[in-house]
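For reference, the structure discussed in these notes is given below.
On a predicted model such as this, the values are computed, not experimentally measured, just so you know.
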Amino acid sequence: MHSASSIKQKFLKKWIMGLQLCNSSKKNMTIMERRKAIKLSADLALASVRNCTTRWSRALVASASQNDDNQALLQHIIGSDAAKHKKASIDVVANSTTSVAKKIASKKILKRSWGIRRVRKLSNVALKDPPYSIAKRLVKKRTQLLKNLVPGGESMDAISLIEETLDYMVWLRAQVDVMRSLARASERLDGK
């Protein structure tokens with residue numbers, strides 16, 4: 001395992017490489033284009049430093065590779081392994097979208113069949129939800145929210161989702177630390 005400072009240094013180096021490429025490719029950028037370029041280069045730098053070994057890092061690469069405008073940036077940040085990572089990432093995303101679609105279709109069918117039965121039950125007796133049912137529903141909602149927040153999370157089971165989320169949080173924290181340090185350094189330079 002690498003030390004936190006070496007990870008942050010690698011991230012900063014790759015992020016700056018991406019920002020330089022974005023800056024040189026288009027001189028007159030709007031604020032929104034600049035924001036998008038900063039986020040994209042930061043995401044790709046993070047995935048690159050992570051060596052695209054996690055689902056979230058592969059999902060970031062796959063998301064970026066769907067737009068042809070990002071190919072140069074992908075090649076620049078990810079490097080010679082960009083084609084390999086891109087193919088693996090696209091396979092992961094393709095598999096996840098088909099399985100998600102199947103799950104959604106299955107859930108809709110189940111909801112329809114359960115909905116009919118529930119209406120009959122509820123019309124007979126007005127029952128309160130037991131506490132475990134409320135807790136289960138709350139966990140389900142939070143899990144779904146987490147799946148939407150973590151890149152590639154839609155296709156993960158609960159255990160994988162927690163592992164990937166923890167890993168993603170650690171790496172996002174490193175990204176935020178680097179960005180804060182860069183902002184502080186910029187403020188100091190502007191203040192002199």
Flag the pair I38 / W15 as yes when at least one side-chain heavy-atom distance between them is below 4.5 Å, and no otherwise. yes
Do the non-hydrogen side-chain atoms of Q144 and K147 ever get within less than 4.5 Å of each other? yes
If you look at every heavy atom in A59 and G152, which pair is closest and at what distance? CB-N, 3.4 Å
Would you mind reporting whether W171 and V49 have side-chain heavy atoms less than 4.5 Å apart? yes
Name the residue from L12, V170, I7, D43 that meets the side-chain contact (heavy atoms from CB on, under 4.5 Å) definition with Q175. D43
State whether the number of non-hydrogen atoms from other residues, nucleotides or ligands found under 6.0 Å of I31 atom CD1 is greater than 12. no
Does any part of the side chain of R184, heavy atoms only, come nearer than 4.5 Å to the side chain of R180, both counted from C-beta? yes
Here the pair of heavy atoms bringing E164 nearest to R55 is OE1-N, 3.1 Å
Minimum-distance pair of heavy atoms, taken over all atoms of N28 and E33: O-OE1, 4.1 Å
For K14 and I77, indicate whether the former's side chain and the latter's backbone hold a donor-acceptor pair under 3.5 Å. yes
Tell me whether E154 contacts the main-chain N or O of N148 through its side chain, where contact means a donor paired with an acceptor under 3.5 Å. no
Going only through I, L, V, M, F, W and Y residues with side-chain contacts under 4.5 Å, is there a path from W56 to L172? yes
Is the number of heavy atoms from other residues, nucleotides or ligands within 6.0 Å of CE (M169) greater than 12? no
Kindly give the heavy-atom pair with the smallest separation between L60 and L44, and that separation in Å. O-CD2, 4.3 Å
When you measure from the side chain of T165 to the backbone N and O of L161, does any donor-acceptor pair fall under 3.5 Å? yes
Of the options I16, L46, D177, which is the one that meets F11 in a side-chain contact (heavy atoms from CB on, under 4.5 Å)? L46
Are L74 and M17 linked, directly or through other ILVMFWY residues, by side chains that come within less than 4.5 angstrom of each other? no
Closest non-hydrogen atoms of C52 and R58, given as atom of the first, atom of the second and distance, are O-CG, 3.3 Å
Between atom CD1 of I78 and atom CG of N51, what is the distance when rounded to the nearest 0.5 Å? 9.0 Å
Just wondering, are more than 12 heavy atoms of other shown residues or ligands nearer than 6.0 Å to CG in L149? yes
Rounded distance [0.5 Å steps], NZ in K140 versus OG1 in T143: 9.5 Å
Non-hydrogen atoms of L19 and S41 that approach each other most closely: CD2-OG, 3.3 Å
Let me confirm one number: the NZ-CE distance from K36 to M29, rounded to the nearest 0.5 Å. 10.0 Å
Between S65 (side chain only) and A62 (backbone N and O only), is there a donor and an acceptor less than 3.5 Å apart? yes
Is it true that a side-chain atom of S186 and a backbone atom of L182 form a donor plus acceptor pair closer than 3.5 Å? no
Would the distance check show the side chain of S57 and the main-chain N or O of T54 forming a donor-acceptor pair, the cut-off being under 3.5 Å? yes
Gap between atom OG of S160 and atom CG of D167 - 0.5 Å precision: 12.0 Å
